[in-house]
Amino acid sequence: MRRAFLIKLTALSVLAAMLLSACSGEVSESTSSTVQSDTSQSAESQVQSEETVGIMRDITSQQLVEEMNIGWNLGNTLDVCAADRNGDGRVDEHPEEGEKVDETLWGNPKATKELFAALKEDGINAVRIPVTWRDHLDDDDNIDAEWMDRVQEVVDYAYDQGMYVIINIHHDGGGDPQFGAWVTSYATEDYGKFYARYSKIWSQIADRFKDYSDYLVFESMNEVGFDNLSQSDAYALLNRINQDFVDLIRKSGGNNVQRHLLIAGYWTDIACTCNDLFKMPEDPAGRCIVSVHYYTPWDFCTTDIRHTWGTDSEVAEMENLIGRMNTTFVEKGIPVIIGEYAASGSDLASCIFFIEKLNKLCSDYGMAAFYWDNGGQVNRNTYEWRTMTFLEAMQRGTSGEDYEVTKIEV
């Protein structure tokens with residue numbers, strides 16, 4: 001699911017404990033260094049067309065986020081990597097000898113332009129395309145040309161549809177350094193070594209996409225935290241990486257000088273990110289957006305251990321967490337994207353209620369939410385939703401209509 005690795009339940013319990021210990025602190029009073037200036041030009045009136053391709057519009061990051069209606073992740077595709085996915089200590093998914101890692105490694109077919117055309121017809125106008133780079137680097141950290149070309153091809157499938165596209169560094173920041181993940185281990189052990197690789201990768205990505213319009217967004221990394229350090233050192237390290245990310249993109253030229261950037265929160269966890277120790281980077285362009293994920297409760301969102309959702313306390317918890325993102329960031333001029341969420345309980349009514357409630361809250365607060373789909377919802381061959389009521393819940397939640405979301409038995 002979320003991390004694409006099927007972590008054993010014992011590991012999940014350890015992770016939960018780590019997050020609880022890492023997330024202590026009050027709601028952030030962080031300064032709004034990325035506060036966006038007002039503009040008289042309506043973002044809503046400006047849509048991607050032949051005239052706007054390659055143009056960075058005079059709109060704020062908040063306006064950009066508010067243009068994102070329904071968001072969706074192309075999960076378990078370009079983010080695949082040779083990995084230990086069942087937690088037994090061995091790489092259990094890897095290419096055949098002599099073959100390269102490609103997007104089909106974890107069981108999905110190759111993405112097609114028809115897939116994105118179908119998504120657009122469904123009302124999805126924003127897609128997050130996670131990308132893992134670790135299996136596609138040479139000894140000097142040059143990205144394999146074939147892989148870079150394929151990433152661009154898939155980006156273009158969505159971009160040419162007039163969809164917003166987010167790309168990132170994904171499982172490079174995973175929890176399996178013995179199998180290739182490097183962000184966490186490199187950054188804690190030798191920042192110079194980390195930055196050499198990180199900047200080399202992002203410089204190549206930035207150069208390849210420097211002429212793309214503001215419909216393309218770069219995201220600094222995915223689900224990274226440093227719980228082996230003291231809390232203050234851990235946050236300082238994440239803040240440093242995010243600041244270096246902004247600095248290197250801004251100096252990479254072309255449209256990147258003004259590109260809207262997505263900044264990873266601590267573990268992309270809401271409670272951890274709404275902490276005084278988390279700081280948004282300084283940005284001369286004033287175009288930074290904070291990224292968090294929503295998997296609360298974990299055993300309902302990512303597994304079917306908890307079958308149902310929707311008690312008064314569970315709804316209140318969601319309202320509180322999304323409300324904290326609003327008061328901590330949105331109200332201070334810092335836009336918010338929920339880069340991943342899912343509902344995996346076996347009770348259909350609960351899943352529909354969860355999806356619609358989350359999308360409605362985000363829409364009301366001017367945030368965007370992106371459903372994590374590892375291939376389990378949108379059939380990658382027929383392009384049809386396996387659970388059409390999920391899409392309908394997203395459509396209602398982002399409709400802009402004023403109504404109370406209620407749980408309806410199905």
Side-chain angles (χ1 to χ4, degrees), residues 4 48-50 52-56 68 71-82 95-96 99-122 124-138 141-172 200-219 221-222 249 252-256 259-262 339 370-375 378-383:
Q48 178 88 319
S49 66
E50 290 183 6
T52 59
V53 169
I55 301 299
M56 303 299 286
M68 298 177 180
W72 180 86
N73 276 271
L74 182 71
N76 287 21
T77 304
L78 294 182
D79 55 311
V80 304
C81 51
E96 297 297 325
E99 298 292 324
K100 295 180 179 179
V101 169
D102 77 0
E103 67 201 89
T104 67
L105 182 63
W106 291 356
N108 281 318
K110 289 189 174 183
T112 65
K113 61 182 179 181
E114 289 80 12
L115 167 64
F116 292 96
L119 291 168
K120 186 69 179 295
E121 288 183 4
D122 289 335
I124 294 169
N125 75 334
V127 295
R128 182 170 176 260
I129 301 177
V131 184
T132 300
W133 306 89
R134 69 195 207 190
D135 292 318
H136 309 281
L137 305 173
D138 67 13
D141 294 327
N142 296 303
I143 299 170
D144 178 77
E146 183 180 355
W147 183 248
M148 180 68 91
D149 288 345
R150 178 56 180 162
V151 171
Q152 183 176 15
E153 185 174 37
V154 176
V155 167
D156 286 347
Y157 291 159
Y159 182 83
D160 291 345
Q161 289 284 335
M163 304 171 84
Y164 285 102
V165 183
I166 299 170
I167 58 173
N168 69 352
I169 286 181
H170 204 74
H171 289 307
D172 297 86
K200 183 72 174 285
I201 293 172
W202 266 118
S203 294
Q204 293 170 81
I205 300 168
D207 184 66
R208 176 61 67 98
F209 293 101
K210 66 183 178 183
D211 295 326
Y212 282 60
S213 78
D214 52 20
Y215 278 72
L216 179 65
V217 175
F218 294 159
E219 180 182 23
M221 52 192 156
N222 179 73
I249 297 300
S252 63
N255 286 339
N256 295 330
R259 188 167 308 286
H260 300 266
L261 303 176
L262 190 53
F370 288 67
Y371 182 83
W372 177 262
D373 189 354
N374 62 6
V378 177
N379 186 311
R380 302 290 177 84
N381 293 302
T382 66
Y383 316 131

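For D172, the side chain to side chain donor-acceptor pair (under 3.5 Å) criterion is met by W182, not counting sequence neighbours. Taking D373 as the reference, W72 meet the side chain to side chain donor-acceptor pair (under 3.5 Å) condition, with sequence neighbours excluded. When the side-chain contact (heavy atoms from CB on, under 4.5 Å) test is applied to E121, no partner is found at least two apart in sequence or on another chain. Remark: S203 engages no residue in a side-chain contact (heavy atoms from CB on, under 4.5 Å) (not counting sequence neighbours). Residues passing the side chain to side chain donor-acceptor pair (under 3.5 Å) test with Q204, sequence neighbours excluded: none.
To the nearest 0.5 Å, the span separating OH on Y371 from CD1 on I124 amounts to 11.0 Å. To the nearest 0.5 Å, the span separating NE2 on H171 from SG on C81 amounts to 5.5 Å. Atom CD1 of I201 and atom CD1 of I169 lie 5.0 Å apart (nearest 0.5 Å). Separating the CG atom in L74 from the CH2 atom in W372 is a distance of 8.5 Å, to the nearest 0.5 Å. In this structure, CE on M163 lies 8.5 Å from CD1 on I129, to the nearest 0.5 angstrom. Put simply, CG on L78 and CH2 on W133 are 8.5 Å apart, with the number rounded to the nearest 0.5 Å.
Among all heavy-atom pairs drawn from D135 and A82, the shortest one is OD2-N, 3.0 Å. Shown here for Q161 and A117, the closest heavy-atom pair between the two residues is NE2-CB, 3.5 Å. The two atoms that bring D156 and Y212 nearest to each other are OD1-OH, 2.6 Å, heavy atoms only. Nearest heavy-atom pair across G375 and N108 is CA-OD1, 3.7 Å.
Side-chain contact check for W147 versus V101: every heavy-atom pair is 4.5 Å or farther apart. V154 has its side chain within reach of F116: a pair of non-hydrogen atoms, C-beta onward, lies under 4.5 Å apart. Under the 4.5 Å side-chain criterion, counting only non-hydrogen atoms from C-beta, I166 is in contact with L262. Annotation: side chain of F218 is in contact with side chain of I249 (closest heavy-atom distance under 4.5 Å). In this structure, the side chains of D144 and D138 stay at 4.5 Å or more apart for every pair of heavy atoms. With contacts defined as side-chain heavy-atom distances shorter than 4.5 Å, the pair L119/V378 qualifies.
We find that D149 and R208 are joined by a salt bridge, their nearest charged nitrogen and carboxylate oxygen being less than 4.0 Å apart. For D214 and R259, the salt-bridge test fails: no basic side-chain N is under 4.0 Å from an acidic carboxylate O.
For the pair N222 (side chain) and P130 (backbone), a donor-acceptor distance under 3.5 Å is absent. Checking side-chain atoms of N73 against main-chain N and O of N374 turns up no donor-acceptor pair under 3.5 Å. Listed for the N168 side chain is a donor-acceptor partner under 3.5 Å among the backbone atoms of V131. Using modelled atom types, no side-chain atom of K210 and backbone atom of N255 make a donor-acceptor pair closer than 3.5 Å. Remark: the backbone N or O of S213 is paired with a side-chain donor or acceptor of Y159 at under 3.5 angstrom. Within the 3.5 Å criterion, the main-chain N or O of Y383 finds no donor-acceptor partner in the side chain of N379. Distance alone, capped at 3.5 Å, is enough to place a donor-acceptor pair between the N256 side chain and the A206 backbone.
Around atom CD of E146, no more than 12 heavy atoms belonging to other residues, nucleotides or ligands sit under 6.0 Å away.
Defined by atom type and a distance below 3.5 Å, a donor-acceptor pair is missing between the side-chain atoms of Y157 and Q152.
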Q | Full working for side-chain contact (heavy atoms from CB on, under 4.5 Å) between I143 and L137 | A | CA-CA 5 Å; I143 299 170; L137 305 173; 3.8 Å; yes
Go through E219 and R128 one step at a time and tell me if the side-chain contact (heavy atoms from CB on, under 4.5 Å) criterion holds. CA-CA 10 Å; E219 180 182 23; R128 182 170 176 260; 3.0 Å; yes
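Partner of R380 under the side chain to side chain donor-acceptor pair (under 3.5 Å) criterion, out of N76, T104, T77: T77 alone.
Sorted by first and then second residue, the salt bridge (Lys or Arg N to Asp or Glu O under 4.0 Å) pairs involving residues 103-114 (not counting sequence neighbours) are E103-R150.
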